[in-house]
Amino acid sequence: MSDVKNTKVRFAPSPTGQLHLGSARTALFNYLFAKHTNGQFYMRIEDTDIERSKQKYVDQICASMRWLGLDWDGEPLFQSTRLDVYHSVIKTLLETDSAYRCFCSKDILEEARNEGLFQYSGTCRNLSEDDIKKHLNSGEGFVVRLQVPKGNTKFDDMIYGSVHVDHQEIDDFIIARSDGNPTYNLVVVVDDHEMEITHVIRGEDHISNTPKQILIYNVLGFSIPQFAHLPMILGPDKKRLSKRHGAPGIQQFKDDGYLPDALLNYLALLGWNPGSENEIFTLDELIKSFELDQVHKKGAVYDEVKLSWISGQHMMRMGTANILEGIHEINSEWGKGYESRYLYSVLDQLKQRSKSLREFIDQSSYYFSDPESFDEKSSRKNWKDDNTNTSVNTFKNYLENIENWNSEEIESALRHIAEENEISAGKLIHPTRLALSGVPSGPSLFAMMELLGKDVCIRRLNKALETFPQS
RNA sequence: GGCCCGUUCGUCUAGUGGUUAGGACUCAGGAUUCUCAUUCCUGCAACAGGGGUUCGAUUCCCCUACGGGCUACCA
């Protein structure tokens, strides 16, 4: 499928929140790339921030990933289980003078930053052995910083192309906190190396971290993977869509009744184009078409209206059995007590007017119970006076005598009566629909009546005839 | 402040040194229909601005503007 051998990628969320749209897209592109190249797709939980990392988010993220259908290979790797490894790397770095202890307090650093000094001044860079001992003996805390050499770093991003950074732009960044635990830039390198990751595919917000990481790769003598940075997903205000700006969690999309494939389809089209005019894809089709070099650099605005359209397209293509299954996942009570054949018919009638599973549920109540109220506007418009009662009543009486209860019979009956009463068919159709469903619109009236059955239709018509005596 | 990245209809995007700048969503109008929806047709709507290079730039270069990212003992 591709000339790249044994590709290995990873999705590395930090469990400080649930899986949201942006991270799901990153996961998807990693997944698509892995599958397209017959490679491996791993999951790594970046929980080195002990304060903010929570088990419940790990669970939520994994659940969302499974719901989306983005299954990973092997077991997820937890960075919190690998602290020993990082500590030993830090020790090595210290011993080889690639890194050094910094005793500057947080307060001092913050002050400097407030004064416009955005880079670490390098105060502790060249402390003598004695100085270090003195600090250590006095029990002062310290962080470990990487000693960034002079020079520059270049890498070829698979999406952004060649990126060039002068080391003057990189200060001696922290690789170990004062509690001794490693920071992101260190662990990501150590783990990507150990997991033999070949392609690091992540958000564009990491592009300026990349040179820092390359520095670490070099110091450690590790080979450098390929990098691909994905454009951001933006909110309507063009700002990066983030948890803070109310980025919807993936769970929300499930609750709203979106299909995983529809969501994935939409997400894929945000920043990637398939090179054809087709816009509707299943996951398998996405895997086939996906190419990293067709991803662009520009951030894309999330648009729920388009998502909804794509969702509707998937809904229409979806098998009725699958729709039923999906509905039961979000509402196990739906259609309880009815035969599945009946439920299938309900879904078939609603199929092309539902953009989400939720809409099936919301639009189907009259298939299971008599309408409790009647749309007011439609009542006024379609049941103006007692003439309607008369014609509906005639129609009802006629229906009672129908032996073969099917849509053709019902329709011909209705048209026959409309003609006899010298009214248009619509004058009978609309009030009948209102009486039966309580709402002004829906699937074909006659198909609906056939499905509801004679008794139900007669009962509801009687009820309406009592409710709408105008005079 | 510094560094990096980006800029084609409102949104997602295609595209080229010479095109009537194409498609999709949305919106408007029409056809079909028992309504709504679907489907089909039509329409509205874009190359950020200024300089170059060139016979010719939306396309190549520079500047400006605007937007985004990073600049954390977050990831």
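Numbers restart at 1 for each chain; the letters A, B, ... are given by sequence-line order, proteins then strands.
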Could you check how far [atom1] of [X] sits from [atom2] of [N], rounded to whole Å?
X         : N      : atom1 : atom2 : answer
Arg433(A) : U33(B) : CZ    : C1'   : 11 Å
Lys239(A) : G69(B) : NZ    : P     : 7 Å
Asp191(A) : A75(B) : CG    : P     : 12 Å
Lys377(A) : U35(B) : NZ    : P     : 15 Å
Leu146(A) : C73(B) : CG    : C1'   : 15 Å
Lys427(A) : C34(B) : NZ    : C1'   : 13 Å

[N] versus [M] - spacing of their [atom1] atoms, nearest Å:
N      : M      : atom1 : result
G22(B) : C47(B) : C1'   : 13 Å
G10(B) : A48(B) : P     : 11 Å
C25(B) : C9(B)  : C1'   : 12 Å
G18(B) : G29(B) : C1'   : 35 Å
A46(B) : A21(B) : C1'   : 9 Å
G23(B) : A31(B) : P     : 23 Å
C27(B) : C55(B) : P     : 49 Å
A57(B) : G52(B) : C1'   : 11 Å

Any donor-acceptor N/O pair under 3.5 Å between C3(B) base and Ser208(A) side chain: no
Any N/O donor-acceptor pair, Ser178(A) side-chain to C73(B) base, under 3.5 Å: yes
Any [X] side-chain nitrogen or oxygen under 4.0 Å from OP1 or OP2 of [N]:
X         : N      : result
Arg353(A) : U39(B) : no
Arg113(A) : A72(B) : yes
Arg415(A) : C34(B) : yes
Asn209(A) : C70(B) : no
Lys298(A) : U8(B)  : yes

Step-by-step ring pair (Phe, Tyr, Trp, His ring centres under 6.0 Å) determination, Phe468(A) to Trp383(A): CA-CA 7 Å; Phe468(A) 294 108; Trp383(A) 206 310; 4.7 Å; yes
Aromatic ring of Phe118(A) stacked on base six-ring of G2(B), 5.5 Å, 30°: no
Out of C34(B), A75(B), G68(B), whichever nucleotide has its closest atom nearest the side chain of Leu445(A): C34(B)
Any donor-acceptor pair under 3.5 Å from Lys54(A) side chain to Glu51(A) backbone: yes
Arg240(A) side chain vs Met232(A) backbone, donor-acceptor pair below 3.5 Å: no
Nucleotide forming a Watson-Crick or wobble pair with A57(B), both distances under 3.5 Å: none
Nearest heavy-atom neighbours spanning Tyr120(A) and Asp171(A): N-OD2, 3.0 Å
Centroid-centroid distance, His135(A) to Phe103(A), less than 6.0 Å: yes
